[in-house]
Amino acid sequence: MNNFDVAKTIEPRWRTLPRAFYRRDPRVVAPELLNKVLLRDDGRAGRIVEVEAYCGLEDPAAHSYRGLTRRNAVMFGPGGHLYVYFTYGMHWCANAVCGDVGNGVGVLFRAIEPIGNIEAMRVARGGPTRDRDIGSGPARLAQALGITGALDGADLVRNDRGVRIADDGTPPPADAIAGPRIGISKAVDHPWRWHVPAHGHVSRRPSRSAG
DNA sequence: GGTAAGATCAGC
DNA sequence: CTGATCTTACCA
């Protein structure tokens, strides 16, 4: 059985996360998203192994910090939708919007472990790539899953655009690692990044202090 | 209208 | 470590 078959066979049993899951503080939702499955309707699927919380008006590193704009509008909507943004002139990245209308909070997907239709993801990534390079980074996983601005605002609960998040029965790790977020220049000290311990598919190894 | 920075990645 | 590449947001 190849990976595509795995997704086709098991997917129907997976339970799509309900709206209530998202309507909470992103610092609560983020660690609970670990080991959940982010998937497309073509069978492409990845287990979420690394996430970061962004906390709206109280978080200088969040896109929503300075209030509603055209780009971050989806973040200020109700939880359970996908917020997709374009950055560095070439990369798409995706978040699960959390909280309630007006909060502007969400969780950035930083790494997935490919588990379904892996060959389609490899192709989407542009050629021969090691499995660990398919989804180990926010822009990499978005490219692997075919997530672009066309999916900004997609409803992860209703699955209105072929993207959703499901629970396949794997619980979140009891010993998730928390630490500072990556690639930001403000609010760098908040430990709002979580990942599955000792997992080969996280975007970076935990940084050792220089000293 | 001009510009600096950006929730990144691939290749040296 | 650095270049790529362009949108966004902010200032004037």
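In what follows, chains carry the letters A, B, and so on, assigned in the order in which the sequence lines appear, proteins first and then strands, with residues in each chain numbered from 1.
Under the salt bridge (Lys or Arg N to Asp or Glu O under 4.0 Å) criterion, R66(A) pairs with no residue at all, not counting sequence neighbours. Legend: residues meeting side chain to side chain contact (heavy atoms under 4.5 Å, CB included) with R24(A), ordered by chain and number and at least two apart, are F21(A), V28(A), V29(A), E32(A).
A salt bridge is defined here as a Lys NZ or Arg NE, NH1 or NH2 lying under 4.0 Å from an Asp or Glu carboxylate O, and R19(A) with D155(A) meets this definition. Using a cutoff of 4.0 Å between basic side-chain nitrogens and carboxylate oxygens, D25(A) and R27(A) are scored as salt-bridged.
When rounded to the nearest whole Å, the span between CZ of R70(A) and C1' of dC10(C) equals 17 Å.
A cation-pi arrangement is present between R181(A) and Y54(A) under the rule of less than 6.0 angstrom and at most 45 degrees off the ring axis.
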>> Return a single string for nucleotides 4-12 of chain B, one symbol per nucleotide in 5' to 3' order, where B is base contact, S is sugar-phosphate-only contact and - is none, cutoff 4.0 angstrom on heavy atoms.
In response: --BBBSS--
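Here dG1(B) sits opposite dC11(C) as a Watson-Crick or G-U wobble pair (both hydrogen-bonding atom distances under 3.5 Å).
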